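Comments concern the structure below.
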Amino acid sequence: MKLTLASGALAACCVAVAAGPPPVPHSFQPLEYVPRVAAASNFSLVADAGDNKSALYEIQLDDPSAQYAEPAIMAVLAGTPYEVGQAYGTLLGKHTDALYKNWVGSKFANVVEMDAVAVLLDWLWTEGLEKFTPKEFLDELKGMDNTAGDVKDLAKKAKRIVSLSNLPADTQNIERVIVDLVMNGEEGASDRFLASCGQVCAEALDGDVAHAAQLAAQLLGGEAKHRERHHGPGMCDYFAVWGEHTEDGRLMSSRNLDFDRDIEVSSGKLVMLVRYTGGDAFPYATFGTPGYWGALAGMSGAGITVSEANLDNADVSFRGIPWPLRLRQILSSAQTLDDARKTWAAAPNSGAFNFLVASAVDVLSLIHISEPTRPRLI
């Protein structure tokens with residue numbers, strides 16, 4: 001999935017999969033498709049949230065051959081954070097439920113493992129990430145819980161997806177996350193971890209926390225034991241260009257998402273527009289897969305764009321803002337790169353990943369445009 005973000009007016013644009021001779025960007029990982037850009041030609045109302053503010057639309061693409069297996073969709077979510085959460089539950093709750101089932105179901109061998117993983121993910125959230133999550137997202141989760149309908153534990157599933165996203169790829173680094181929460185967390189963290197670990201840690205004799213952490217990390221990171229991968233390793237990337245490298249000097253930034261294909265997240269695409277009311281937050285759009293509550297990439301009405309790519313290393317912790325929500329926070333609050341840096345520095349990091357934050361306003365000031373034109377979010 002490749003999504004290109006520009007500093008001009010927002011067009012919901014999606015990349016289609018087309019047949020053709022594949023390029024080979026890496027000698028060990030030939031691509032099996034040729035990406036092609038397709039622009040939105042129209043939007044059809046699918047559902048509304050009943051509040052006259054939020055709605056879900058199907059995106060019609062201008063190239064009939066560039067359709068996904070599932071329709072590309074756009075969700076417009078407006079209101080207070082709590083109301084945005086309510087609208088999310090109404091319009092996208094079933095998508096989150098499906099994404100969670102596909103993700104966890106593809107990675108873990110059986111229902112016993114899936115249930116054990118769910119408990120561990122809940123522990124990772126409450127013991128670490130939740131304590132650093134900005135209030136607006138906690139309010140959204142409360143709104144989701146009140147509108148989940150037929151979707152059981154919607155808010156929990158949204159949080160578990162965020163926790164899964166935040167996990168390092170390597171088992172030894174997952175183990176570091178767990179040990180850090182146990183050793184440097186609040187009083188009783190060790191007992192709460194052993195209780196959450198349950199049968200997974202039964203081999204850890206006499207409550208050996210270090211051994212239990214190793215066993216839990218092996219479960220959380222051990223999907224390769226159960227399923228043969230049908231693709232090479234992920235190669236997420238992004239870029240930003242401006243000045244002499246673009247036609248008019250303006251900023252263009254991108255994010256190429258190489259998710260695990262076994263999760264089956266590429267069958268459709270989601271553009272999620274968020275507009276908080278009653279405050280100073282900038283409206284913004286995130287780009288990703290239906291059911292993903294955080295941001296994988298996005299652009300704001302202030303001209304800020306964000307992107308992310310994994311870079312697994314030992315400098316990792318869950319005692320910080322989960323990065324999919326950190327990116328949403330930057331989109332809603334930053335007007336310049338300096339704003340983004342200050343917001344980022346105000347709270348600890350969690351994932352040891354690479355992030356790109358780009359600012360159209362900063363670029364426009366460099367190329368001497370006195371009155372920058374900001375992106376227009378529908």
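Atom set for the values below is all heavy atoms of this structure, side chains included, hydrogens, waters and symmetry mates excluded. Predicted, not measured: the structure shown is a model, and the values here were computed from it.
Cluster annotation: Val177 and Ile161 are assigned to the same hydrophobic cluster (Ile/Leu/Val/Met/Phe/Trp/Tyr, side-chain heavy-atom contacts under 4.5 Å, transitive). Leu45 and Ile59 end up in the same hydrophobic cluster when Ile, Leu, Val, Met, Phe, Trp and Tyr side chains are linked at under 4.5 Å. Note: the hydrophobic cluster containing Leu77 also contains Ile330 (ILVMFWY, side chain heavy atoms under 4.5 Å, direct or indirect links). Criterion: ILVMFWY side-chain heavy atoms under 4.5 Å apart, direct or through other members. Under it, Met272 and Val46 are part of a common hydrophobic cluster. Two different hydrophobic clusters hold Tyr82 and Leu138 under the rule that ILVMFWY side chains link at heavy-atom gaps under 4.5 Å.
The closest side-chain heavy-atom distance from Trp103 to Ser165 is below 4.5 Å. At a threshold of 4.5 Å between non-hydrogen side-chain atoms, the residues Tyr276 and Pro81 count as touching. Looking at heavy atoms from C-beta onward, Ile73 lies out of side-chain contact with Val271 at the 4.5 angstrom threshold. Here the side chains of Leu270 and Phe287 are not in contact, with every heavy-atom distance at 4.5 Å or above. For the pair Met144/Gln86, no side-chain contact is recorded, criterion being any heavy-atom separation below 4.5 Å from C-beta on. Asp97 places none of its side-chain heavy atoms less than 4.5 Å from the side chain of Leu154. At least one side-chain heavy atom of Trp293 sits under 4.5 Å from a side-chain heavy atom of Leu325. In this structure the side chain of Asn173 reaches within 4.5 angstrom of the side chain of Arg176, judged on heavy atoms.
Listed by chain and residue number, nothing satisfies the ring pair (Phe, Tyr, Trp, His ring centres under 6.0 Å) test with Trp125 (two or more places apart in sequence, or in another chain). Not counting sequence neighbours, the partners of Asp62 by the side-chain contact (heavy atoms from CB on, under 4.5 Å) test are Ala38, Ala39, Ser41. Looking at residues two or more places apart in sequence or on another chain, you find a side-chain contact (heavy atoms from CB on, under 4.5 Å) between Val200 and Ala116, Cys197, Leu219. For Arg160, the side-chain contact (heavy atoms from CB on, under 4.5 Å) criterion is met by Tyr100, Ala118, Leu121, Asp122, Lys156, Lys157, not counting sequence neighbours. In this structure, the ring pair (Phe, Tyr, Trp, His ring centres under 6.0 Å) partners of Phe353, at least two apart in sequence or on a different chain, are Trp323. Partners of Glu130 by salt bridge (Lys or Arg N to Asp or Glu O under 4.0 Å), not counting sequence neighbours: none found.
Minimum heavy-atom separation, Leu92 to Ala75: CD1-CB, 3.8 Å. Nearest heavy atom pair, residue Val76 against residue Leu91, reads O-CD1, 4.4 Å. Val84 and Ala78 make their closest contact through CG2-C, 3.9 Å (heavy atoms, listed as atom of the first residue, atom of the second, distance). Closest of all the heavy-atom pairs between Ala358 and Leu251 is CB-CD2, 3.6 Å. Minimum heavy-atom separation, Trp344 to Asn349: NE1-OD1, 2.6 Å. Considering all non-hydrogen atoms of both residues, Leu327 and Ala295 come closest at CD1-O, 3.5 Å.
Of the N and O atoms on the side chains of Tyr88 and Thr96, at least one donor lies less than 3.5 Å from an acceptor on the other residue. Judged purely by distance below 3.5 Å, without hydrogens or angles, the side chains of Gln60 and Ser44 pair a donor atom with an acceptor atom.
For the salt bridge (Lys or Arg N to Asp or Glu O under 4.0 Å) condition, the pairs that include at least one residue of residues 47-58, sequence neighbours left out, are Lys53-Glu83. The ring-ring contact (aromatic ring centres under 6.0 Å, His included) pairs that include a residue from residues 151-180 number zero, where partners must be two or more places apart or lie in different chains. The list of ring-ring contact (aromatic ring centres under 6.0 Å, His included) pairs with a residue in residues 171-212, not counting sequence neighbours, reads Trp123-Phe193. Applying the salt bridge (Lys or Arg N to Asp or Glu O under 4.0 Å) definition to pairs two or more places apart or across chains, those involving residues 314-339 are Glu140-Arg328, Asp180-Arg319, Asp338-Lys342. Within the structure, every pair that satisfies the salt bridge (Lys or Arg N to Asp or Glu O under 4.0 Å) test and touches residues 282-308, not counting sequence neighbours, is listed here: Arg255-Glu308.
To the nearest 0.5 Å, atoms CG (Asn146) and CG (Leu141) are separated by 11.5 Å. Here the OH-CE distance, from Tyr57 to Met74, works out to 6.5 Å after rounding to the nearest 0.5 Å. Taking NE2 from His245 and CE from Met252, the interatomic distance works out to 13.5 Å, rounded to the nearest 0.5 Å. Arg341 contributes atom CZ, which lies 9.5 Å from atom OG of Ser359 (distance to the nearest 0.5 angstrom). How far OG of Ser190 is from CG of Leu181: 12.0 Å, rounded to the nearest 0.5 Å. Atom OG of Ser332 and atom CD1 of Ile304 lie 11.0 Å apart (nearest 0.5 Å).
Checking side-chain atoms of Asp362 against main-chain N and O of Leu337 turns up a donor-acceptor pair under 3.5 Å. In this structure, the side chain of Thr133 engages the main chain of Leu129 through a donor-acceptor pair within 3.5 Å. Under the 3.5 Å distance criterion, the side-chain polar atoms of Thr289 are left unmatched by any main-chain donor or acceptor of Tyr292.
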Apply side-chain contact (heavy atoms from CB on, under 4.5 Å) to the pair Gln218 and Glu175, showing each step before the final yes or no.
-> CA-CA 8 Å; Gln218 287 171 354; Glu175 187 178 339; over 6 Å; no

I would like to know whether Thr286 and Tyr284 meet side-chain contact (heavy atoms from CB on, under 4.5 Å); could you show each step before the answer?
-> CA-CA 7 Å; Thr286 66; Tyr284 62 90; 3.9 Å; yes

side-chain contact (heavy atoms from CB on, under 4.5 Å) evaluation trace for Leu220 with Leu124 | CA-CA 11 Å; Leu220 288 168; Leu124 287 166; 4.1 Å; yes

Let me see the working for Ile174 and Ile178 under side-chain contact (heavy atoms from CB on, under 4.5 Å), right down to the final yes or no.
-> CA-CA 6 Å; Ile174 298 175; Ile178 295 170; 4.3 Å; yes

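Dense packing is recorded around CG of Asn110, with more than 12 heavy atoms of other residues, nucleotides or ligands lying under 6.0 Å away. Other residues, nucleotides and ligands contribute over 12 non-hydrogen atoms within 6.0 Å of the NZ atom of Lys131. Annotation: Asn52, atom CG; neighbour count of heavy atoms from other residues, nucleotides and ligands within 6.0 Å does not exceed 12. Enclosure of atom CD in Glu203 is not indicated, since only 12 or fewer non-hydrogen atoms of other residues, nucleotides or ligands lie within 6.0 angstrom.
If you chain together ILVMFWY residues whose side-chain heavy atoms come under 4.5 Å of each other, Tyr238 ends up grouped with Leu356.
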